[in-house]
**Student:** 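Got a structure here, written out as structure tokens. Questions coming.
Note on naming: letters A, B, ... go to the chains in the order of the sequence lines (proteins, then strands), and numbering restarts at 1 for each one.
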There are 2 protein chains.
Amino acid sequence: MSRESSTNQPKYLRIAAELRAILERGDYAPGDRLPGENTLAADFGVASLTMRQALGLLRGEGLVGSRKGSGWYVEDFRPIRRRGIPRLARDQWGSGRTIWSADDDRSPDVDQVTVTEEAAVPQHIAEVLDLAENETVCVRSRRYVMENRPVMLAASYLPQVLVAGSAITEANPGPGGIYARLADLGHAPTRFREEIRVRMPSGEEVARLSIPADRSVIKLARTAFDSEGRAVEVNEMTMDSAAYVLDYEFDA
Amino acid sequence: MSRESSTNQPKYLRIAAELRAILERGDYAPGDRLPGENTLAADFGVASLTMRQALGLLRGEGLVGSRKGSGWYVEDFRPIRRRGIPRLARDQWGSGRTIWSADDDRSPDVDQVTVTEEAAVPQHIAEVLDLAENETVCVRSRRYVMENRPVMLAASYLPQVLVAGSAITEANPGPGGIYARLADLGHAPTRFREEIRVRMPSGEEVARLSIPADRSVIKLARTAFDSEGRAVEVNEMTMDSAAYVLDYEFDA
DNA sequence: CAGTGGTCTAGACCACCAA
DNA sequence: TGGTGGTCTAGACCACTGC
């Protein structure tokens, strides 16, 4: 029968909900391999494509992952907590309890580091940095990997005229990072804006982050302003949406 | 030929990228109807299911939408900008330029308002509010609709013992909202924590937000602390991820 | 080499929409 | 009533994994 069950929900949604409940009940341990999709399809009495549709939803959610030629596995990755406003006084608030559990203290590996001067600047970056016609930018690009899993891509854009000759144009910007170097140049960042949105990944992002095409990414654009209100850096980050919890604390 | 094109990308990714480029070039105006999926499939030389897979990616992204029995349309919704830290001094920074364009000044309609006392409190809420065994909470639930499109669900949880007898337990909490009433009760919020993560929607969220099952949602949990560091409210929001740009500004 | 997930096809039936 | 999107099926071929 292709009759939908009582609630009139499509099969793949019903099956996804059922599987989600099974996983959250803990029938499988993190890292465990699930039965193959053909076995599952037979168990649930649906075609394997329908089964895949349900599994795809859970994968988009980060609950399970698939390895081609191998099988489906229960995801065991603990999300990373990213503190957006790190400088505020340490909180004893509410005994530090948070809504979602996530790790704070792991530090990621960084690879795929490139520093280049670019003439072709994305329009939205050029506008925020208030670039003149044909002005070039210094682009610092890198990838963050946590426990062998790529979790974030980041690209910093700085006006080339501002940073030319400084260590910012080198792969290693020295102690304190590029913000310390900007301070040396008289443009210490004093204010930040972070803008967050969620999108589906591009083909390149799918490849570099090793995520499935149906997993969304968080785009976080951080603009740094110096004391005169000039935008001196735009850092555009692209995160695996299942890998992060973003955290902002502030006073009323 | 089912041979993949030069870059070895699957057809549906290549087609999605091609369509995305067409849309961003502006060949179709916002609100325009696209050719039907069978027509598109013939144009691109693929099966209609493959075409649907590509269209589904763009829909997850919020670029297009589909209406059953009618067709595919170019989405014309302008994202909403939500300022997370509204109280900081107005910014003249960078002439107020932002990375992504989004509207600031529309105000949404609110419906589906309920205020109830609940004994069954989700575990993660109970922990943050530091509830005793069997303690109940006041739950204020509502839905935000912008231009006839549901964009956010929100549910506030407050300890019932704290708010019993106050206007907080009524549908209309009076001028200044519940934060003013909390202040009246001697528990004015002085500090906030916002935690953000991205998930696939539940069946209920799909229904209440009228979003496709493959569109992710932003879960934003806002915890309010009073001057003694007590968590007095948790507001759990669920947003259509394509409808919002989140914005945080703060000093270094 | 057998089994697995990933992609793709052709075609079916349904619910919904618009004329 | 004809066209549209939404769901579902059965089956094909491929690339990859692990024995």
Side-chain angles (χ1 to χ4, degrees), chain A residues 1-5 7-17 19 31-60 63-75 201 203 206-207 210-215, chain B residues 1-17 19 32-60 63-75 201 203 206-207 210-215:
Chain A
M1 289 296 105
S2 103
R3 188 70 57 244
E4 286 151 1
S5 81
T7 55
N8 212 31
Q9 274 205 119
K11 290 185 182 180
Y12 71 92
L13 280 184
R14 187 176 48 77
I15 292 175
L19 256 180
D32 275 7
R33 184 179 179 281
L34 299 179
E37 59 186 45
N38 292 316
T39 311
L40 284 171
D43 288 356
F44 283 102
V46 294
S48 57
L49 198 79
T50 304
M51 193 63 226
R52 280 186 64 75
Q53 212 177 344
L55 286 165
L57 283 180
L58 301 187
R59 179 176 53 190
L63 274 179
V64 301
S66 60
R67 292 203 272 281
K68 199 199 291 200
S70 172
W72 292 83
Y73 297 83
V74 180
E75 195 56 69
V206 163
S210 301
I211 53 174
D214 52 5
R215 160 92 100 268
Chain B
M1 289 301 104
S2 102
R3 189 70 56 243
E4 287 151 0
S5 81
S6 52
T7 56
N8 214 30
Q9 274 204 118
K11 290 184 182 180
Y12 71 94
L13 281 183
R14 187 176 50 76
I15 293 175
L19 256 180
D32 275 7
R33 186 179 178 280
L34 299 179
E37 59 186 46
N38 292 316
T39 311
L40 284 171
D43 287 355
F44 283 103
V46 295
S48 56
L49 198 78
T50 304
M51 194 63 226
R52 280 186 65 73
Q53 212 178 344
L55 286 166
L57 284 179
L58 301 187
R59 179 175 54 190
L63 274 179
V64 301
S66 60
R67 292 203 273 280
K68 201 198 289 200
S70 173
W72 291 83
Y73 297 83
V74 180
E75 195 57 70
V206 164
S210 302
I211 53 174
D214 52 4
R215 162 86 48 81

**Student:** To check you understand the geometry: which heavy-atom pair defines the closest contact between A54(B) and I15(B), and what is its length?
**Tutor:**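 So the minimum-distance heavy-atom pair works out to CB-CG2, 3.8 Å.
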**Student:** Once you round it to whole Å, what is the distance between P of dA10(D) and CD of E37(A)?
**Tutor:**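 In whole Å, dA10(D) P lies 15 Å from E37(A) CD.
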**Student:** Check R59(A) against D214(A) and note the closest heavy-atom contact, atom names and distance.
**Tutor:**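 Between these two residues, the closest heavy atoms are NH2-OD2, 3.7 Å.
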**Student:** Measure CG/L40(A) against P/dT4(C) and give the value in whole Å, please.
**Tutor:**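 Nearest whole value for this atom pair: 11 Å.
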**Student:** Go through the structure and list residues passing side chain to side chain donor-acceptor pair (under 3.5 Å) with T39(B), not counting sequence neighbours.
**Tutor:**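 Side chain to side chain donor-acceptor pair (under 3.5 Å) list for T39(B), sorted by chain: empty.
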**Student:** Could you list by number each residue of residues 41-49 of chain B showing a heavy-atom separation from DNA chain D of less than 4.0 Å, or answer none if no residue does?
**Tutor:**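 DNA chain D contact set from residues 41-49 of chain B: L49(B).
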**Student:** Rounded to the Å, how far apart are R59(A) CZ and dG6(C) C1'?
**Tutor:**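 Taking CZ of R59(A) and C1' of dG6(C), I get 9 Å after rounding.
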**Student:** If a pair satisfies side-chain hydrogen bond (donor to acceptor under 3.5 Å, both in side chains) and one of its residues is in residues 44-58 of chain A, list it, with sequence neighbours excluded.
**Tutor:**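 Pairs touching residues 44-58 of chain A that pass the test: E37(A)-R52(A).
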**Student:** Using every non-hydrogen atom in the two residues, find where L57(B) and A16(B) come nearest and quote the distance to one decimal.
**Tutor:**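 So the two residues come closest at CD1-CB, 4.1 Å.
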**Student:** Can you check whether R14(B) has a side-chain N or O nearer than 4.0 Å to OP1 or OP2 of dT7(C)?
**Tutor:**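 Checking dT7(C) against R14(B), no side-chain N or O comes under 4.0 Å of OP1 or OP2.
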**Student:** What's the shortest heavy-atom distance between V64(A) and L55(A), and which atoms?
**Tutor:**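 Taking every non-hydrogen atom into account, CG2-O, 4.1 Å.
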**Student:** Would you mind reading off the distance between M51(B) atom CE and dG6(D) atom P, rounded to a whole angstrom?
**Tutor:**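 Rounding to the nearest Å, CE of M51(B) and P of dG6(D) are 13 Å apart.
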**Student:** Can you tell me if the side-chain N/O atoms of T50(B) get under 4.0 Å from OP1 or OP2 in dT9(C)?
**Tutor:**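 It does, given that an N or O in the side chain of T50(B) lies less than 4.0 Å from OP1 or OP2 of dT9(C).
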**Student:** Within the pair W72(B) and dT4(D), is there a side-chain N or O less than 4.0 Å away from OP1 or OP2?
**Tutor:**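 Checking dT4(D) against W72(B), no side-chain N or O comes under 4.0 Å of OP1 or OP2.
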**Student:** Tell me whether the OP1 or OP2 atom of dG5(C) has a side-chain N or O from R52(A) closer than 4.0 Å.
**Tutor:**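 No, R52(A) has no side-chain N/O under 4.0 Å of OP1/OP2 on dG5(C).
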**Student:** Report each atom pair, protein N/O against N/O of nucleotides 17-19 of chain D, whose distance is under 3.5 angstrom.
**Tutor:**
from: dT17(D); atom 1: O4'; to: G69(A); atom 2: O; distance (Å): 3.4

**Student:** Which whole-number value in Å describes the distance from Q53(B) CD to dG5(C) P?
**Tutor:**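 Spelled out: CD on Q53(B) to P on dG5(C) is 17 Å.
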**Student:** Atom CZ of R33(B) and atom P of dG3(D): how far apart are they, to the nearest Å?
**Tutor:**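 Atom-to-atom, R33(B) to dG3(D), this comes out as 12 Å.
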**Student:** Rounded to whole angstrom units, what separation is found between the CG atom of L57(B) and the P atom of dT7(C)?
**Tutor:**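 Interatomic distance, CG of L57(B) to P of dT7(C): 10 Å.
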**Student:** Applying salt bridge (Lys or Arg N to Asp or Glu O under 4.0 Å), which residue pairs with at least one partner in residues 65-75 of chain A are found, sequence neighbours left out?
**Tutor:**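 Qualifying pairs: E75(A)-R149(A).
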**Student:** Rounded to whole angstroms, how far apart are OH on Y12(B) and P on dG6(C)?
**Tutor:**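 Nearest whole value for this atom pair: 9 Å.
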**Student:** Name all residues meeting the side chain to side chain donor-acceptor pair (under 3.5 Å) criterion together with S210(A); count only those two or more places apart in sequence or in a different chain, and write none if there are none.
**Tutor:**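 Side chain to side chain donor-acceptor pair (under 3.5 Å) check on S210(A) returns nothing, list empty.
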**Student:** Report yes if some heavy atom in the side chain of R215(A) is under 4.5 Å from a heavy atom in the side chain of P201(A); otherwise report no.
**Tutor:**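 No, side chains not in contact.
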